[in-house]
Amino acid sequence: MVQEKKVADEVSGWLRIYDDGSVDRTWTGPPEVEFMIEPVAPHEQFIEGVATRDVTTTTTTTTKNDGSIHRARLYLPEKTPKDNKKLPILIHFHGGGFCISEPNWFMYYHVYTQFARSTRSICVSPFLRRAPEHRLPAAFEDGFATLQWLQSVAKGDARDPWLEEHGDFNKIFLIGDSSGGNLVHEVAARAGSVDLSPIQLAGAIPIHPGFVRSDRSRSEIEMPQSPFLTLDMLDKFLSLALPTGSNKDHPFTCPMGAGAPPLDGLNLPPFLLCLAEKDLLWDTEMEYYEAMKKANKEVELFVSKGMTHSFYLNKIAVDVDPTVGSQMDALIGRVKEFIEKH
C-alpha cells in the first residue's frame, strides 16, 4: 500500500513542502492571476522591439557544486537609428523570497522587455537555484557566476553572439527585484574584491530589496500587505532560504546589521536604491540607505509614491490603474537616467 504524502508546510498559493521533503510550486491561488506566472517561450525574432533567447552560462570556473548547469534568459532590444554605440548590459536577479519565481515567468517578461526597450540595454536574467532545495548562498553563487560568465565572454573564453556584437562590457549593471535586490548587494560586494577585467561593474540597482531584521519593524506592522508580499510570505520564505540555524539578522538579509561586513570596508559601485513608499520593508530598506550614506557610499534614492512592494510586476494593476502605470514608467525612467549617467 502506497502511503499518501502529506503537506508539512506551505506558503499560501505559492509553495507546498511535503513530509517526504518534496516541493510543489504549482499555483493554487486565484486562477485569474495564474497567467502572470506562466512561462513565456523565448523568441529570437523581435516582438514589440525585443528578442529573447535562453543560454547556457556555465564555464569551467562557474560549474555548480551539484554539477548542474547555469542558464540565463537574454533580452535584446531591436536596434534603432539612435543606437550608434554598444548597449549597456543589465544582469537581472528575479525576486520570490529565494524560493519561487523564474526569469521566464510572464510577470518578469512583461517588465524586462520594457526595461530592455526603454533603457536600450541587453538584459541577462539567470535562472537561480531556489530554496528549500538549495538554501543560501546558492542563489548568490549563481548570481556571481553570471558576472563571471560575462567576463569569460569579454575575454573570448566563452561565446555569445548577442553580447559580442551589441554589448558594452564597460557598462555592466546589477538590477534585482525584492530578494533579487539582496543579490545585487551581495554580488556587488563580491565583485569589489576580485579582478573583473576586462569588464567593469558600472552600477547597482536594488529595487524593493528584502532587507529585514528579526524584530518586526513598524512598517511591517502598519503598511498594507500586497499580493507580492505578505508577512506570511516574508517569514516562511526566509526561514526556508537562510542557512540552517540563522535568523533574519543574517548578513544575507541584513547587510546593514552588526553581523554583516562593515559597509565602509566594501568596494561598491554607485547604487540607485529604488523603494516603494507603502512597502512592508520600508523601515529596514531606509535603514540600509542611511547606513550606505554613513559609510560614504555613492547611493541615490528613488521612491515610488503610494506604491507597495513590487507593484510593477502586477500587470493587471499596471494596465487598469493609470497611477500604477505612470509609477512604473517613472521607475523605468529613473533607472534609464542612472544607466546613462554611469
Side-chain angles (χ1 to χ4, degrees), residues 37-79 83 86-96 100-117 119-130 134 138-177 180 183-184 187 190-191 196 198-202 205 339:
I37 65 171
E38 291 293 330
V40 178
H43 50 85
E44 295 197 30
Q45 74 277 22
F46 289 100
I47 298 177
E48 296 183 347
V50 179
T52 65
R53 49 191 273 268
D54 292 342
V55 298
T56 299
T57 60
T58 301
T59 68
T60 54
T61 58
T62 66
T63 304
K64 298 181 186 179
N65 294 332
D66 60 7
S68 58
I69 61 172
H70 291 278
R71 296 185 302 130
R73 171 151 293 192
L74 270 58
Y75 298 80
L76 176 70
E78 191 168 14
K79 193 169 184 178
D83 294 328
K86 293 204 170 187
L87 304 176
I89 301 169
L90 297 182
I91 302 180
H92 164 247
F93 304 127
H94 67 74
I100 58 170
S101 301
E102 292 201 289
N104 60 0
W105 278 13
F106 180 78
M107 70 168 68
Y108 291 112
Y109 176 85
H110 100 83
V111 170
Y112 282 89
T113 49
Q114 189 168 337
F115 260 97
R117 187 169 53 243
T119 65
R120 313 307 305 158
S121 301
I122 300 171
C123 182
V124 181
S125 188
F127 288 78
L128 304 169
R129 282 176 292 174
R130 298 174 297 185
H134 304 282
F140 293 142
E141 292 167 353
D142 295 348
F144 186 67
T146 307
L147 190 60
Q148 291 178 304
W149 175 69
L150 290 181
Q151 182 182 30
S152 295
V153 174
K155 286 180 175 180
D157 296 335
R159 304 305 302 268
D160 184 85
W162 284 5
L163 291 168
E164 291 171 48
E165 182 175 353
H166 304 290
D168 184 349
F169 290 98
N170 289 314
K171 282 180 70 73
I172 295 175
F173 295 82
L174 307 177
I175 187 169
D177 321 84
L183 268 81
V184 168
V187 173
R190 294 188 185 195
L196 286 176
I199 69 173
Q200 183 172 336
L201 187 58
I205 310 163
I339 291 170

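Contact annotation: the side chain of P126 never approaches that of H70 to less than 4.5 Å [non-hydrogen atoms, C-beta and beyond]. Side-chain contact between E48 and T113 is absent, with no heavy-atom pair separated by less than 4.5 Å. The closest side-chain heavy-atom distance from I91 to L174 is below 4.5 Å. Taking the side chain as every heavy atom from C-beta outward, T52 and V40 never approach each other to under 4.5 Å. Under the 4.5 Å side-chain criterion, counting only non-hydrogen atoms from C-beta, E141 is in contact with R190. Counting only heavy atoms from C-beta outward, the side chains of Y112 and V50 never approach each other to under 4.5 Å. Using a 4.5 Å heavy-atom cutoff, the side chains of H92 and D177 are in contact. Here the side chains of E102 and R73 are not in contact, with every heavy-atom distance at 4.5 Å or above.
Counted within 6.0 Å of CD on Q45, heavy atoms from surrounding residues, nucleotides or ligands total more than 12; the atom is thus considered enclosed.
Scanning for side chain to side chain donor-acceptor pair (under 3.5 Å) contacts around R130 gives an empty result, with sequence neighbours left out. Residues passing the side chain to side chain donor-acceptor pair (under 3.5 Å) test with Y109 are H43, sequence neighbours excluded. Listed by chain and number, the residues in a ring pair (Phe, Tyr, Trp, His ring centres under 6.0 Å) with F93 amount to none (sequence neighbours excluded).
The backbone N or O of R117 sits less than 3.5 Å from a side-chain atom of R120, completing a donor-acceptor pair. A donor-acceptor distance shorter than 3.5 angstrom exists from the side chain of K86 to the backbone of E164, with no hydrogens or angles considered. With S152 contributing its side chain and D157 its backbone, the two residues share no donor-acceptor pair below 3.5 Å. Distance alone, capped at 3.5 Å, is enough to place a donor-acceptor pair between the D142 side chain and the R129 backbone.
Distance check: L90 CG to I175 CD1 gives 5.5 Å after rounding to the nearest 0.5 Å. Here the CD-CG distance, from E165 to L76, works out to 8.5 Å after rounding to the nearest 0.5 Å. Here L163 contributes atom CG and W149 contributes atom CH2; the two are 5.0 Å apart, rounded to the nearest 0.5 Å. Atoms OH and CD, from Y75 and Q114 in turn, are 12.5 Å apart once rounded to the nearest 0.5 Å. We find the CD1-NE2 distance between I100 and H94 to be 9.5 Å, quoted to the nearest 0.5 Å. In this structure, D168 CG and I199 CD1 are separated by 11.5 Å, a value rounded to the nearest 0.5 Å.
Residues L196 and A191 come closest through the heavy atom pair CD1-CB, 3.7 Å. Closest non-hydrogen pair, A202 versus F173, comes out as CB-CZ, 3.7 Å. Shown here for L87 and S121, the closest heavy-atom pair between the two residues is CB-CA, 4.4 Å. When all heavy atoms of S101 and Y108 are compared, the pair lying nearest together is OG-OH, 3.7 Å. Here the closest non-hydrogen pair linking A72 and V124 is CB-CG1, 3.9 Å. Between V184 and G176, the shortest heavy-atom distance links the atoms CG2-N, 3.4 Å.
Of the listed residues (T57, I172, L201, D160), just one forms a side chain to side chain contact (heavy atoms under 4.5 Å, CB included) with L150, and that residue is I172.
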